[in-house]
Amino acid sequence: MVGKGPRSAADKTLIVLEALADHARIADIAGAAGLPKPTVHRILQTLVQHGFARSDGQGNYVCGPRILSLAGRFLQRLDIAEQVRPILRDLQQRTGWTVHLALLSGDEAVYVAKVEGTKPYHLASRVGMSLKLHCTSIGKAILATMSDDEVSEIVARAGLPARTENTITDARTLLGELAAVRTRRYAEDHEENEAGVRAVGAAVFDHTGGVIGGLSAAALVHLAPVVEDLPAQVTAAAEAVSKALGAH
């Protein structure tokens with residue numbers, strides 16, 4: 001969702017591209033995007049030129065071949081989830097907590113796998129949902145693999161928006177938290193992203209040794225199954241996922 005204030009050219013293009021997923025005619029796309037039809041027409045022509053849209057010559061537009069190519073490349077990332085799903089399922093069975101795998105995507109991470117816990121409730125998280133790095137256990141585990149300068153650059157771009165009253169919104173405090181995460185090798189989310197939800201997470205690495213995402217176990221604070229060695233089990237599962245992806 002684009003924030004308040006003047007929309008940039010990039011904002012308008014992304015809004016039109018999203019509207020194109022559900023509409024074909026310029027009038028309908030313009031209505032969904034909240035933009036004038038001439039503006040939408042110019043953007044669509046640019047998208048057609050770059051292969052992100054295709055025109056049937058009768059005023060209808062559909063997603064172009066480049067969209068399909070990008071979608072295919074993103075779907076390849078989901079293959080990672082299937083490759084390591086037995087590890088995720090094993091952690092869920094041993095702890096009873098809901099297990100997530102998320103991959104780093106720009107200044108956020110995206111859930112690519114979720115194994116529901118054993119309790120009769122479902123957390124709001126879902127595959128495809130993006131998550132902030134500063135207020136989630138996976139995100140903080142990822143940030144802890146970076147230098148303070150790299151973290152500061154991400155904070156400068158993405159900010160530290162408050163998700164709950166427990167969210168860390170001060171850069172200095174965040175850096176201090178990340179120093180502790182580096183020492184213990186796992187991160188915690190104490191209702192910082194969603195009220196009532198606690199999580200423990202650890203970073204995941206690929207064959208190059210670079211961080212690609214993270215793994216977490218999460219549960220409702222007052223209904224979480226008691227697991228005394230939960231951090232150790234989460235870090236062990238993250239190491240197993242990393243090894244499965246070729247990390248040393």
Side-chain angles (χ1 to χ4, degrees), residues 66-92 94 98-115 125-160 168 171 174-189 193 199-218 230-248:
R66 197 164 180 187
I67 288 288
L68 299 177
S69 174
L70 285 174
R73 285 152 64 183
F74 278 113
L75 286 173
Q76 288 178 358
R77 297 167 60 183
L78 296 183
D79 291 342
I80 294 176
E82 293 307 312
Q83 182 179 348
V84 303
R85 190 171 294 277
I87 300 172
L88 309 182
R89 189 175 297 112
D90 178 67
L91 178 61
Q92 182 268 347
R94 285 188 285 105
T98 297
V99 176
H100 301 96
L101 176 68
L103 297 182
L104 184 61
S105 178
D107 293 336
E108 297 181 325
V110 177
Y111 289 123
V112 296
K114 177 184 181 183
V115 181
S125 54
R126 66 180 186 277
V127 171
M129 176 185 288
S130 62
L131 55 148
K132 300 295 184 183
L133 300 183
H134 71 290
C135 58
T136 58
S137 63
I138 286 178
K140 287 191 284 186
I142 292 172
L143 289 176
T145 69
M146 304 177 185
S147 69
D148 284 356
D149 286 343
E150 290 174 312
V151 173
S152 296
E153 290 175 0
I154 291 176
V155 169
R157 291 192 299 265
L160 297 172
I168 295 175
L174 177 62
L175 291 176
E177 170 77 2
L178 297 180
V181 173
R182 295 183 188 106
T183 299
R184 64 180 183 243
R185 296 176 53 244
Y186 65 88
E188 294 181 314
D189 166 7
N193 182 59
V200 176
V204 169
F205 304 87
D206 65 8
H207 66 284
T208 69
V211 65
I212 62 166
L215 175 151
S216 73
L230 180 65
Q233 294 205 48
V234 170
T235 54
E239 289 176 358
V241 170
S242 298
K243 289 179 180 178
L245 301 178
H248 296 294

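For the atom pair CG (L131) and CD1 (I142), the distance works out to 7.0 Å, reported to the nearest 0.5 Å.
The main-chain N or O of A179 is found under 3.5 Å from a side-chain atom of T183 such that the two form a donor-acceptor pair. Under a 3.5 Å cut-off, the side chain of Q83 and the backbone N or O of L245 do not form any donor-acceptor pair. Within the 3.5 Å criterion, the main-chain N or O of G201 finds no donor-acceptor partner in the side chain of S216.
P231 approaches V200 most closely through the heavy-atom pair CA-CG1, 4.0 Å. Residues A187 and A141 come closest through the heavy atom pair CB-N, 3.7 Å. Here the shortest heavy-atom pairing between S152 and L175 reads OG-CD1, 4.3 Å. Nearest heavy-atom pair across I138 and A102 is CD1-CB, 3.9 Å.
More than 12 heavy atoms of other shown residues, nucleotides or ligands fall within 6.0 angstrom of atom NZ in K114. In R185, the CZ atom is not crowded: 12 or fewer heavy atoms of neighbouring residues, nucleotides or ligands sit closer than 6.0 Å.
Side-chain contact annotation: S147 with D149, donor-acceptor N/O pair under 3.5 Å absent.
By the 4.0 Å N-to-carboxylate-O rule, D189 lies too far from K132 to be salt-bridged with it.
Applying the salt bridge (Lys or Arg N to Asp or Glu O under 4.0 Å) rule to E177 yields the partners K140, R184; only residues at least two apart in sequence or on another chain are considered.
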